[in-house]
Every structure is written in C-alpha cells, then in structure tokens.
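So the structure is just underneath, and the comments pick up after that.
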Amino acid sequence: MTTTAIPTGEKRATAPTTKRGPRRERQGAAWVFLSPWVLGASVLTLLPMAVSLYLSFTDYNLFDPPHWVGLRNYTQMFTEDPRYWRSVTTTLMYVVIAVPLQLALALVVALALKSMKRGKAFYRSAFYAPSLLGASMSIALVWRAVFNDGGTVDNLFGTGGWVNRPGWALLAVALLTVWQFGAPMVIFLAGLQQIPAELYEAAAVDGAGKWRQFLSVTVPMLSPVLFFNLVLQTIQAFQVFTPAFAVSAGKGGPADSTLVYTMYLYDRGFVASHMGYASAMAWVLLLVIGVVTAVLFRTSRSWVFYASEGDR
C-alpha cells in the first residue's frame, strides 16, 4: 500500500465560506417589518394615484362607467373654464399673503421665546396650540363668526363683515392660516438654540448692534431652517381647503373671492359629479407643487448657508 505525501509548501483547497444565509435572514426580517408600510403605501397611495391618473383622461360621474375622452379634461380646463383660472389666481394670492406673514410671525415669536428666562415651556405650548386646533371645522366656523357682520372685528373697527366683502374675504382666510404659526415657530426656536453664542459675542466685539447681529448672524445661520419652513408651508398653502370652505360656507364667495383651487376641485368632483375633470385638476396641482418646490430648491443655493460648507 502506497501513500502520497502532500508537499509542505502546498495548502489544501478549502471551500469558500459564505455569509449569504445570515444576510438573507436579516433582509427577510427587514421586509417583514417594512411590509405594513409597503402595503399601506401601495393600497392607500400608489393605487389611488394610478386610478386618479386614469380617471383624468375619462368622463366619469361616479355612477356610470368611465368613458375615455383623452385630453379633453385638460383642454377644457385651460381654455374653456374661467372659474378654473379664477381659482388659480385666488390660490396664488393666498399663498403670497399667508406664507410670508405666517413665517414672519413665527420667527418674531421664536426670537421672543428664545430671550425669555421664565415660562418658556408654557408660552411655547400656548403658541403651538392653534396649530393643533386651527385645521378643524369648528375653529373655522368661529373664525367666520368673528369676521362676519356684527362680529368682533366689525364691532372693534367698524369695517363691516370681512367675509361678505370680496376685497377682504380672502384676507380673513389667510389670517386664519397665519394664526396657526405654532409649528414653524417651534422649528425656528429649535434652530435659534443651535446658533453658537460665540458668534453673537464676536459680532458685538466688532461693534454690531442687535439689528446687525440679526442680519449677519441669525439669518445666515437660520437659513436652512427658514428654507425648510418655507417649502413646507408653501406646499400646505397650495392645498388649503378647510378655512376657505368654512368662511365662505362652501361656496367660495363672495364673487368667488375665496374660491381656492382645492375648493373648486371639490366642487367639480363631488358637487357636479365631474370626477374625471377633478382628477385632472388634482394632477395639475401635483405638477405645480412639484415645480414650485424644485424652483425653491434651485434658488436656495444662493441664500441658504450650511455651516458645514465653508464656501456657501
């Protein structure tokens, strides 16, 4: 019996070890935990969006089967419907009025809270409360009563009921949104607390006053937070519905002065039963919000300062 010796300089070939088993187990566990979100996003978001996109090319009245009409809803929207363009103009006016006023008030209150020594937690909660209550229909109805004929504003200033005057009704709706400044205020306050005190001390040593410190230190250091609030509040403003619906009693009046985009979409879809037309309006709104958000992100390169990037 002969034996073959293995040279000492050679090594036995060994099968490569694999870690695919544990890795696949971890991936499987991750999908198990993600499955409720994936299911919810698919059933409650992606599927309705796909159905809405299909309906935007149909004539559908909620009772009869959808009838394919191609681009007719879109052409009618842009060329044959003056109330549609009225709703677009009203919404743009609302965004231009409400968003800057809300952010300015939120920043002023955040600056005041930052300098407070006592009661900061109480006042922060008190100012945040309208953000939780303002979206409800009950608060919107109270707001309508305040600005109606014989209401609080009429009794104090004698200007008459704002909700019944075409030139003032939209301002009453915008002020309801401005009153809900609690959410951006809390975000501003968190951003202010992250600004190093050494920057203010250095600016004071250089002779900068309070206003100069605000412009040269606070605004640049707070610009990422300001940009975040601007994007968030702009998107929400384009989708405003409850305040305008309640203040105008669901009619968009007087003289369509409070006929915002979503209210007209609701009117076309659920009052007039033109669900295909309303779906087309919804997709146009989605595209417009996407374009506005992209423009904000594009322009932010020139005014948003990030402390981690010294060249910005």
Side-chain angles (χ1 to χ4, degrees), residues 45 88 90-116 120 123-125 127-132 134-135 170 173-203 208-241 243 260-262 284-312:
T45 302
V88 171
T90 302
T91 303
L92 292 176
M93 291 176 58
Y94 170 84
V95 172
V96 171
I97 295 172
V99 174
L101 288 178
Q102 185 187 47
L103 294 182
L105 183 59
L107 180 57
V108 170
V109 174
L111 289 169
L113 289 178
K114 181 178 180 293
S115 60
M116 291 181 61
K120 181 183 296 186
Y123 286 106
R124 182 173 55 195
S125 302
F127 284 123
Y128 185 75
S131 295
L132 302 176
L170 186 62
V173 176
L175 289 179
L176 178 55
T177 300
V178 175
W179 179 63
Q180 305 169 45
F181 65 89
M185 179 268 297
V186 171
I187 298 174
F188 276 136
L189 183 59
L192 289 170
Q193 292 173 343
Q194 300 300 318
I195 301 177
E198 293 81 3
L199 297 178
Y200 292 104
E201 295 173 358
K210 294 295 183 181
W211 178 246
R212 189 61 187 177
Q213 292 179 25
F214 174 76
L215 294 179
S216 301
V217 178
T218 304
V219 173
M221 297 300 295
L222 201 63
S223 57
V225 178
L226 177 61
F227 173 65
F228 174 80
N229 276 332
L230 176 62
V231 172
L232 201 63
Q233 299 307 316
T234 301
I235 293 174
Q236 292 180 358
F238 272 103
Q239 303 176 72
V240 63
F241 175 79
V260 293
Y261 195 96
T262 53
V284 171
L285 178 61
L286 176 63
L287 294 176
V288 169
I289 291 177
V291 170
V292 171
T293 304
V295 171
L296 291 176
F297 270 91
R298 183 69 177 179
T299 56
S300 67
R301 300 178 180 180
S302 61
W303 62 274
V304 178
F305 172 81
Y306 295 93
S308 59
E309 301 180 12
D311 59 339
R312 297 195 60 171

Nearest non-hydrogen partners of Leu113 and Arg124, listed with the distance: CD1-CA, 4.1 Å

ring-ring contact (aromatic ring centres under 6.0 Å, His included) against Phe127, all qualifying residues, sequence neighbours excluded: Phe181

Minimal non-hydrogen separation, Pro184 against Asn229, with atom names: O-ND2, 3.4 Å

side-chain contact (heavy atoms from CB on, under 4.5 Å) evaluation trace for Trp211 with Leu215: CA-CA 6 Å; Trp211 178 246; Leu215 294 179; 3.3 Å; yes

Contacts of Phe241 that satisfy ring-ring contact (aromatic ring centres under 6.0 Å, His included) - sequence neighbours left out: Phe245, Tyr266

Approximate separation, where rounding is to 0.5 Å, of Met93 CE and Thr91 OG1: 10.5 Å

Under 3.5 Å: donor-acceptor pair, side chain of Thr262, backbone of Val240: yes

Minimum side-chain heavy-atom gap Leu92-Phe238 below 4.5 Å: yes

Nearest heavy-atom neighbours spanning Tyr261 and Leu285: CE2-CB, 3.7 Å

Shortest non-hydrogen contact between Gly182 and Ser131, atoms and distance: N-OG, 3.0 Å

Candidate pair Lys114 and Leu189, rule side-chain contact (heavy atoms from CB on, under 4.5 Å), full reasoning: CA-CA 7 Å; Lys114 181 178 180 293; Leu189 183 59; 4.1 Å; yes

Contact check, side chains of Trp179 and Leu176, non-hydrogen atoms, under 4.5 Å: yes

side-chain contact (heavy atoms from CB on, under 4.5 Å) partners of Val99, counting only residues at least two apart: Val95, Leu103, Leu230, Gln233, Thr234, Ala237

Contact check, side chains of Leu111 and Leu107, non-hydrogen atoms, under 4.5 Å: yes

Residues which pass side-chain hydrogen bond (donor to acceptor under 3.5 Å, both in side chains) with Ser216, listed by chain and number, not counting sequence neighbours: Arg212

Partner residues of Ala190 under the side-chain contact (heavy atoms from CB on, under 4.5 Å) criterion, sequence neighbours left out: none

Pair Phe227 + Phe297: ring centers closer than 6.0 Å: yes

side-chain contact (heavy atoms from CB on, under 4.5 Å) partners for Gln194, two or more places apart: none

side-chain contact (heavy atoms from CB on, under 4.5 Å) evaluation trace for Val231 with Ile235: CA-CA 6 Å; Val231 172; Ile235 293 174; 3.9 Å; yes

Val109 side chain near Phe188 side chain, heavy-atom distance below 4.5 Å: no

Tyr128 atom OH, neighbour heavy-atom count above 12 within 6.0 Å: no

Straight-line distance of Met185 CE to Gln180 CD, nearest 0.5 Å: 13.0 Å

Main-chain N/O of Thr177 paired to Gln102 side chain as donor or acceptor, under 3.5 Å: yes

Non-hydrogen atoms of Ile97 and Pro100 that approach each other most closely: O-CD, 3.7 Å

Thr218 to Leu192 - nearest heavy-atom pair and separation: CG2-CD2, 3.6 Å

4.5 Å side-chain heavy-atom contact, Val288 and Val88: no

Point-to-point distance, once rounded to the nearest 0.5 Å, from CD of Gln236 to CD1 of Ile289: 10.5 Å

